[in-house]
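Notes for the one structure printed next.
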Amino acid sequence: AVAPDTMLQELDTLWFAGNIHAVTFLLKMPGLLHTEERHVHKTTVDILERRLVQVVIAPHSMLIDQTVKDLRFRTKYGAAIVAVQRRGERVQQKIGDIALRAGDLLLLDTGPQFL
């Protein structure tokens, strides 16, 4: 959670957790933009039914050493990878170009059927 006295800076990214209907209120605030707007249609799941899920790549997973793009991850699993964390740090690379490794933590944008 962000402290009430936190001063936001230009280009800060805010992650919202809560009632999905409150997002409409947030998007009406001057100066706030929905940065993932271009990704909204990457899955066929209605925006109100989407979930953020964290998964970890297992040590002997068949996904290891394959790129997200080559795996056709979104098509195969019905989930879009939002971010990849490796050894406590976010992988700063285009998602499709990331070769997955054991222990990678994936943040997925999914529908309710994924769980």
Side-chain angles (χ1 to χ4, degrees):
V2 178
D5 59 343
T6 300
M7 296 293 292
L8 298 177
Q9 303 294 317
E10 184 176 359
L11 301 178
D12 279 353
T13 300
L14 300 175
W15 286 83
F16 175 77
N19 183 326
I20 191 69
H21 300 290
V23 172
T24 304
F25 171 75
L26 290 174
L27 292 176
K28 290 179 182 177
M29 296 180 87
L32 292 182
L33 301 173
H34 189 288
T35 60
E36 298 301 320
E37 188 69 33
R38 67 184 189 280
H39 298 292
V40 166
H41 301 290
K42 285 190 174 182
T43 66
T44 58
V45 179
D46 182 274
I47 190 84
L48 296 177
E49 295 296 322
R50 294 168 93 159
R51 311 282 190 269
L52 287 178
V53 176
Q54 291 182 348
V55 298
V56 176
I57 304 296
H60 301 290
S61 172
M62 297 183 317
L63 304 177
I64 294 173
D65 293 326
Q66 296 189 63
T67 66
V68 172
K69 184 177 181 180
D70 289 342
L71 285 167
R72 298 179 44 113
F73 193 93
R74 187 180 331 122
T75 302
K76 192 175 208 175
Y77 300 105
I81 298 175
V82 176
V84 177
Q85 185 180 37
R86 182 175 292 148
R87 295 183 186 157
E89 300 288 329
R90 183 174 180 177
V91 178
Q92 298 292 332
Q93 196 174 345
K94 184 177 176 187
I95 297 290
D97 295 339
I98 297 172
L100 298 175
R101 296 184 188 163
D104 282 355
L105 176 70
L106 310 181
L107 179 62
L108 306 178
D109 182 355
T110 71
Q113 77 289 348
F114 187 83
L115 300 175

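Fair warning: this is a prediction, and the values are worked out from it, not measured in the lab.
Enclosure of atom CG in Asp65 is not indicated, since only 12 or fewer non-hydrogen atoms of other residues, nucleotides or ligands lie within 6.0 angstrom.
Each of Thr110, Leu108, Leu107 was scored for a side-chain contact (heavy atoms from CB on, under 4.5 Å) with Leu52, with one residue passing: Leu107. Just one residue in the list Val84, Leu105, Leu100 forms a side-chain contact (heavy atoms from CB on, under 4.5 Å) with Ile57, and that residue is Leu100. For the side-chain contact (heavy atoms from CB on, under 4.5 Å) with Leu63, the lone residue among Leu106, Val68, Leu71 that qualifies is Leu71.
Between Arg90 and Val82, the closest heavy-atom pair is NH2-O, 3.8 Å. Nearest heavy atom pair, residue Ala58 against residue Ala102, reads O-CB, 4.0 Å.
Distance CD1/Ile95 to NZ/Lys69: 13.5 Å, rounded to 0.5 Å.
In this view, Thr67 and Asp70 satisfy the side-chain hydrogen bond (donor to acceptor under 3.5 Å, both in side chains) rule, not counting sequence neighbours. The side-chain hydrogen bond (donor to acceptor under 3.5 Å, both in side chains) search around Arg86 returns Asp104, not counting sequence neighbours.
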